[in-house]
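All of these numbers come straight from a predicted model, not from anything done at the bench.
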Amino acid sequence: MIGQNGFNERLITSSDRSFQYGDGCFSTLLIKQGKIQLWDYHQERMEACLQRLAIPSPDWLKIELALNQAVIGKPLAGIKLHISRGEGGRGYSPSQAHSSRITLSHFDFPAHYHQWQRQGITLGVCEQRMGLNPLLAGHKHNNRLEQVLLRGEMDRAGYDDGVCLDLNHHIVETTMANLFWVKNGTLYTPSLDNAGVAGVARRMILQSATSFGLTVEIGQFPIEHLIAADEVFMSNAIIEVAPVIGIAHHLYTIGRYVRYFQESFNS
């Protein structure tokens with residue numbers, strides 16, 4: 001279901017600016033029992049990214065209708081909603097692009113996510129560093145080459161995912177998820193002012209943390225701060241919440257707060 005401001009084309013040409021320059025944004029939506037989870041958060045985040053990229057807003061009601069039609073009969077699955085600036089002109093200037101292109105694509109819920117949710121995941125620590133990019137930090141734009149490179153590094157090292165640090169050696173996220181850790185009743189998560197993606201699940205966790213008796217601190221933290229945590233977990237829109245049971249050679253137990261937050265996504 002793709003098209004210039006619609007959902008009726010079947011081909012995307014190589015002149016599309018997302019293909020040429022990564023010029024656009026996307027969000028990955030979880031479907032449970034035929035319902036889109038956290039749709040309002042996804043829409044607000046994509047709208048913020050479109051404004052940053054100066055791409056005109058689409059008809060959100062039309063997109064929501066198409067999404068609802070696409071998820072009928074799907075008990076557990078995912079949909080990627082992708083918006084490109086579209087076609088227009090050669091070179092970096094966006095001035096010749098006048099009509100955005102919207103893409104919906106389905107995928108099965110990753111089976112191994114169930115195991116990660118129950119039993120946890122072990123992370124490596126990426127040697128490569130993420131750059132500082134406050135102009136685009138927090139947004140899920142279409143250029144994800146840093147994540148590709150860092151995930152490839154973790155693949156070669158034998159880890160399912162890895163902790164990403166920026167050029168100042170501060171924790172940012174994992175290659176696929178936001179990071180949280182608890183120490184002495186405080187929930188910590190990295191600031192995303194200079195790098196990283198502000199996930200919709202992250203937003204929900206931060207909004208519900210105080211109901212579990214946690215204070216919240218968002219800031220710039222070195223890896224040593226994370227290593228010393230009482231419990232660690234990660235989040236994204238599809239996996240929601242998964243405990244981290246190890247970071248390199250450091251081991252963690254699955255604590256009560258992980259289970260609290262997991263339950264909050266199912267309530």
Side-chain angles (χ1 to χ4, degrees), residues 22 25-28 45 49 78 80 110 112-113 115-117 119-183 187-203 205-206 217-255 258 261:
C25 62
F26 72 100
S27 204
T28 311
R45 183 179 64 175
C49 190
K80 181 177 180 180
H112 61 282
Y113 278 14
Q115 179 180 352
W116 287 358
Q117 289 168 334
Q119 301 177 16
I121 180 174
T122 299
L123 307 177
V125 179
C126 300
E127 293 292 333
Q128 301 173 100
R129 298 291 183 254
M130 299 181 75
L132 305 179
N133 187 1
L135 186 64
L136 294 174
H139 297 295
K140 200 165 188 179
H141 54 81
N142 288 345
N143 189 330
R144 307 256 53 97
L145 284 177
E146 286 187 324
Q147 285 75 12
V148 171
L149 292 173
L150 296 174
R151 185 57 178 268
E153 177 188 334
M154 291 296 95
D155 288 345
R156 293 188 294 273
Y159 289 104
D160 292 310
D161 198 4
V163 180
C164 305
L165 308 179
D166 67 20
L167 291 172
N168 293 326
H169 308 289
H170 294 136
I171 304 162
V172 180
E173 57 194 2
T174 81
T175 71
M176 59 173 280
N178 293 119
L179 264 175
F180 295 87
W181 60 99
V182 178
K183 183 71 175 180
L187 179 69
Y188 296 91
T189 196
S191 167
L192 303 176
D193 290 341
N194 292 313
V197 174
V200 297
R202 176 182 185 268
R203 177 178 171 182
I205 289 167
L206 291 175
E217 186 170 338
I218 302 172
Q220 296 180 332
F221 305 103
I223 189 67
E224 293 79 11
H225 197 285
L226 172 61
I227 295 300
D230 297 326
E231 64 179 280
V232 184
F233 59 96
M234 53 188 266
S235 72
N236 67 30
I238 303 301
I239 202 170
E240 297 183 323
V241 174
V244 173
I245 57 174
I247 300 176
H249 302 298
H250 302 274
L251 303 179
Y252 305 92
T253 58
I254 299 176
V258 168
F261 285 113

Engineer: Under the ring pair (Phe, Tyr, Trp, His ring centres under 6.0 Å) test, which residues partner His225, sequence neighbours left out?
Structural biologist: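 His225: ring pair (Phe, Tyr, Trp, His ring centres under 6.0 Å) contacts with Trp181, Tyr188, Phe221.
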Engineer: Hey, could you give me each pair passing salt bridge (Lys or Arg N to Asp or Glu O under 4.0 Å) that has a residue in residues 242-253? Not counting sequence neighbours.
Structural biologist: none
Engineer: Return the set of residues passing side chain to side chain contact (heavy atoms under 4.5 Å, CB included) with Ile218 (not counting sequence neighbours), or none when no residue passes.
Structural biologist: Thr189, Ser191, Arg202, Leu206, Val216
Engineer: Using every non-hydrogen atom in the two residues, find where His170 and Pro222 come nearest and quote the distance to one decimal.
Structural biologist: CD2-N, 4.5 Å
Engineer: Is there a side chain to side chain contact (heavy atoms under 4.5 Å, CB included) between Tyr252 and Ile227 once you walk through the steps?
Structural biologist: CA-CA 9 Å; Tyr252 305 92; Ile227 295 300; 3.8 Å; yes
Engineer: Listed by chain and number, what are the salt bridge (charged side-chain N to carboxylate O under 4.0 Å, His left out) partners of Arg45, not counting sequence neighbours?
Structural biologist: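 If we apply the salt bridge (charged side-chain N to carboxylate O under 4.0 Å, His left out) test to Arg45, skipping adjacent residues, there are no hits.
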Engineer: Output all residues satisfying ring pair (Phe, Tyr, Trp, His ring centres under 6.0 Å) with Phe180, sequence neighbours left out; order by chain, then residue number.
Structural biologist: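 Ring pair (Phe, Tyr, Trp, His ring centres under 6.0 Å) check on Phe180 returns Phe233.
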Engineer: About how many Å separate CD1 of Ile239 and NE2 of His112, when rounded to the nearest 0.5 Å?
Structural biologist: 7.0 Å
Engineer: Between CZ of Arg129 and CG of Leu167, what distance do you get to the nearest 0.5 Å?
Structural biologist: 8.5 Å
Engineer: Hey, could you give me the CE/CD distance between Met154 and Gln128, rounded to the nearest 0.5 Å?
Structural biologist: 8.5 Å
Engineer: Between Pro190 and Ile171, which heavy-atom pair has the shortest distance, and what is it?
Structural biologist: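 Closest pair (atom of Pro190, atom of Ile171, distance): CB-O, 3.2 Å.
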Engineer: What pairs with Lys183 under salt bridge (charged side-chain N to carboxylate O under 4.0 Å, His left out), at least two apart in sequence or on another chain?
Structural biologist: Asp230
Engineer: Say you draw a straight line from CG of Leu165 to CD1 of Ile223; how long is it, rounded to the nearest 0.5 Å?
Structural biologist: 5.5 Å
Engineer: Going through the checks in order, is the side chain to side chain contact (heavy atoms under 4.5 Å, CB included) test met by Arg144 and Val197?
Structural biologist: CA-CA 10 Å; Arg144 307 256 53 97; Val197 174; 3.5 Å; yes
Engineer: A side-chain contact here means heavy atoms from C-beta on lying under 4.5 Å apart; do Glu231 and Val258 qualify?
Structural biologist: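 Side-chain contact under 4.5 Å: yes.
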Engineer: Just wondering, do Ile205 and Asn178 contact through their side chains at under 4.5 Å, heavy atoms?
Structural biologist: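 No, their side chains stay 4.5 Å or more apart.
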Engineer: As an exercise, state the distance from CD1 of Ile245 to OG1 of Thr122, rounded to the nearest 0.5 Å.
Structural biologist: 4.0 Å
Engineer: Looking only at heavy atoms, which two atoms of Val200 and Ala237 are closest? And how far apart?
Structural biologist: CG2-CB, 3.8 Å
Engineer: Is there a side-chain contact between Met234 and Glu173 in this structure, where contact means two heavy atoms from C-beta onward sitting under 4.5 Å apart?
Structural biologist: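 Of all side-chain heavy-atom pairs linking Glu173 with Met234, none is under 4.5 Å.
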Engineer: Report yes if the side chains of Leu123 and Leu179 come closer than 4.5 Å at any heavy-atom pair, otherwise no.
Structural biologist: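 Side-chain contact under 4.5 Å: yes.
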Engineer: Strictly by side-chain hydrogen bond (donor to acceptor under 3.5 Å, both in side chains), give each pair with a member in residues 232-242 just once, sequence neighbours left out.
Structural biologist: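 Every side-chain hydrogen bond (donor to acceptor under 3.5 Å, both in side chains) pair that includes a residue of residues 232-242, provided the two are not neighbours, is Lys32-Glu240.
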Engineer: Looking at CD of Gln119 and CD of Gln115, how far apart are the two atoms once the value is rounded to the nearest 0.5 Å?
Structural biologist: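 Here the rounded value is 4.5 Å.
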Engineer: My understanding is that only residues two or more places apart in sequence, or in another chain, count here; which of them pass salt bridge (charged side-chain N to carboxylate O under 4.0 Å, His left out) with Asp160?
Structural biologist: none
Engineer: List in chain and number order the residues that pass salt bridge (charged side-chain N to carboxylate O under 4.0 Å, His left out) with Arg203, two or more places apart in sequence or in another chain; answer none if no residue qualifies.
Structural biologist: Glu44
Engineer: According to side chain to side chain donor-acceptor pair (under 3.5 Å), who are the partners of Asp161, at least two apart in sequence or on a separate chain?
Structural biologist: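 Side chain to side chain donor-acceptor pair (under 3.5 Å) check on Asp161 returns Thr174, Thr175.
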Engineer: Please tabulate, for side-chain N and O atoms in residues 130-142, each donor-acceptor pair with protein atoms closer than 3.5 Å (sequence neighbours left out).
Structural biologist:
from: His141; atom 1: ND1; to: Asn143; atom 2: N; distance (Å): 3.3
from: His141; atom 1: ND1; to: Asn143; atom 2: O; distance (Å): 3.2
from: Asn142; atom 1: OD1; to: Cys25; atom 2: N; distance (Å): 3.3
from: Asn142; atom 1: ND2; to: Ser18; atom 2: OG; distance (Å): 3.1
from: Asn142; atom 1: ND2; to: His82; atom 2: NE2; distance (Å): 3.2

Engineer: Considering residues at least two apart in sequence or located in another chain, which fulfil the side chain to side chain contact (heavy atoms under 4.5 Å, CB included) criterion with Glu127?
Structural biologist: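 Partners of Glu127 under the side chain to side chain contact (heavy atoms under 4.5 Å, CB included) test: Glu153.
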